[in-house]
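What follows is a short report on a single structure.
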Amino acid sequence: MVPGIIRISENTMNHSEDSKETTVPHVVKEEILASGKWVKLEKTTYVDPAGNTRIWETVRRTTRQTDSDADGVGIIALLKRTLHKDCVVMVKQFRPPMGCFTLELPAGLIDEGESAATAALRELKEETGYKGEVVGVTPVTCLDPGLSNCTTQIVMVNINGDEMENINPTQQLGEGERKFVEVILVPLDEFQMKIDELLKKEKIVVDAKVYIFAMGMAQAFFTPKELPVLKQ
């Protein structure tokens, strides 16, 4: 058998058709087209399942550490305070590629020697000022596989809002950066509703991870038939 070729028997087909061949898809080579400080554009030559050689344009980060399979972390931080609703800690900031403000989970790149959990606690402190405790870490997941190889791990963090340092948290960003990252607290039991209200009031784009999480929370708090997206 030719290497890389899998023969699939088709018992339901006519004898004249015998069998079909399918190739295990794989990347042949990658060539850099352009490179900047943070990302690079590559021409990826690959073989598809039919055995055809094709070209893809791939964006890659230049910052992934050699000891990590993930580029960065996203943080689902739940703020718990006495006599308050549990809230998800979000960040709002202007994103040049979108040309507008976005609503996102706190997030950041993993530094050399850091675990996803360590990076998450550092980024949470820098962007929001909150100190938390890691309660869960997801496997490595892709972000936009049709465009890039960028990967992330989502880290779940609980924040004790009654602790002194979390009552009036101070962002650890540079002086100028603080003006560009706004911390927003969204009640967990009204998560999707509050986001939808924000979308009606402001020209803002919500990160896909945020909205999927919001839909999941809505389904957790209410019966499925009450979810607008499931009525269609």
Side-chain angles (χ1 to χ4, degrees), residues 4 6 24-28 30 38-42 44 46-49 56-80 86-91 93 95 97-98 102-128 130-160 181 184 186 188-189 191-192 195 205-221 224 227 229-230:
I6 300 175
V24 176
H26 59 280
V27 172
V28 177
E30 296 161 333
W38 302 103
V39 296
K40 57 185 176 181
L41 174 64
E42 293 183 346
T44 303
Y46 73 103
V47 176
D48 70 16
W56 199 272
E57 292 178 349
T58 303
V59 176
R60 297 181 186 274
R61 286 191 177 275
T62 61
T63 51
R64 184 182 297 180
Q65 303 300 318
T66 57
D67 58 351
S68 176
D69 292 325
D71 291 289
V73 292
I75 307 148
I76 298 177
L78 194 60
L79 177 63
K80 298 173 176 287
D86 290 350
C87 289
V88 182
V89 180
M90 309 295 299
V91 290
Q93 56 190 317
R95 289 297 198 182
M98 296 300 300
T102 61
L103 184 66
E104 308 173 32
L105 300 172
L109 299 176
I110 297 174
D111 288 343
E112 184 177 358
E114 282 189 323
S115 65
T118 302
L121 293 179
R122 174 181 56 77
E123 288 289 349
L124 181 66
K125 185 68 174 178
E126 290 176 1
E127 292 194 353
T128 71
Y130 285 111
K131 177 184 177 182
E133 176 187 6
V134 173
V135 294
V137 181
T138 70
V140 176
T141 58
C142 56
L143 286 171
D144 193 351
L147 175 67
S148 79
N149 74 330
C150 191
T151 53
T152 189
Q153 287 179 268
I154 304 300
V155 181
M156 284 70 74
V157 175
N158 282 343
I159 301 170
N160 182 350
V181 180
I184 297 178
V186 184
L188 183 63
D189 64 349
F191 200 50
Q192 185 178 14
I195 289 175
V205 175
V206 180
D207 185 285
K209 298 185 295 299
V210 171
Y211 207 86
I212 290 298
F213 179 68
M215 291 172 64
M217 287 300 98
Q219 191 165 12
F221 281 101
L227 275 177
V229 71
L230 298 180

G74 and A107: which non-hydrogen atoms are nearest, and at how many Å?
-> CA-CB, 4.1 Å

To the nearest 0.5 angstrom, please state how far the NE2 atom of H26 sits from the CG atom of D48.
-> 10.0 Å

How about K209: does its NZ atom have over 12 heavy atoms from other parts shown lying under 6.0 Å from it?
-> yes

For the side chain of E30 and the backbone of T44, is there at least one donor-acceptor N/O pair under 3.5 Å apart?
-> no

Under the salt bridge (charged side-chain N to carboxylate O under 4.0 Å, His left out) rule, collect the residues that match up with R64, sequence neighbours excluded.
-> D71

What is the distance from atom CG of D207 to atom CG of L103, rounded to the nearest 0.5 Å?
-> 8.5 Å

Spacing of E112 atom CD and I110 atom CD1 [to the nearest 0.5 Å] | 12.5 Å

Any residue meeting ring pair (Phe, Tyr, Trp, His ring centres under 6.0 Å) with F213, in chain and number order, not counting sequence neighbours | F191

In chain order, what residues pass the salt bridge (charged side-chain N to carboxylate O under 4.0 Å, His left out) check against E104, with sequence neighbours excluded?
-> R95

Shortest non-hydrogen separation from V91 to L105 and the atoms involved = CG2-O, 3.8 Å

Could you list the residues that satisfy side chain to side chain contact (heavy atoms under 4.5 Å, CB included) with T66, not counting sequence neighbours?
-> none

Is a donor on one side and an acceptor on the other found under 3.5 Å between the side chain of T141 and the backbone of T152?
-> yes

Hey, what do you get for OG1 (T58) to OH (Y46), rounding to the nearest 0.5 Å?
-> 9.5 Å

Atom pair CD1/SG of I184 and C87 - distance to nearest 0.5 Å = 12.0 Å

Determine, step by step, whether T128 and I159 satisfy the side-chain contact (heavy atoms from CB on, under 4.5 Å) criterion, reporting the C-alpha distance in whole Å, the side-chain angles of both residues, the deciding distance to 0.1 Å, and the verdict.
-> CA-CA 11 Å; T128 71; I159 301 170; 5.6 Å; no

Taking atom CD of E133 as the centre, report whether more than 12 heavy atoms of other residues, nucleotides or ligands fall under 6.0 Å from it.
-> no

Might you work through the side-chain contact (heavy atoms from CB on, under 4.5 Å) test for V137 and M156, ending with a clear yes or no?
-> CA-CA 6 Å; V137 181; M156 284 70 74; 6.0 Å; no

Test side-chain contact (heavy atoms from CB on, under 4.5 Å) on M217 and V88 and set out the steps.
-> CA-CA 11 Å; M217 287 300 98; V88 182; over 6 Å; no

May I have the step-by-step check of side-chain contact (heavy atoms from CB on, under 4.5 Å) for T151 and L143, ending in yes or no?
-> CA-CA 6 Å; T151 53; L143 286 171; over 6 Å; no

Kindly indicate whether the side chain of M90, heavy atoms from C-beta on, has any atom under 4.5 Å from the side chain of I195.
-> no

So, for L109 and E114, which heavy atoms are closest and what is the spacing to 0.1 Å?
-> O-OE1, 4.3 Å

Value rounded to 0.5 Å, distance of OH in Y211 from CD in Q192 | 4.0 Å

Name all residues meeting the salt bridge (charged side-chain N to carboxylate O under 4.0 Å, His left out) criterion together with D111; count only those two or more places apart in sequence or in a different chain, and write none if there are none.
-> R122

With sequence neighbours excluded, what pairs up with E123 under the side chain to side chain contact (heavy atoms under 4.5 Å, CB included) test?
-> I75, E126, E127

Ignoring hydrogens and geometry, is there a side-chain-to-backbone donor-acceptor pair from D67 to G113 under 3.5 Å?
-> yes

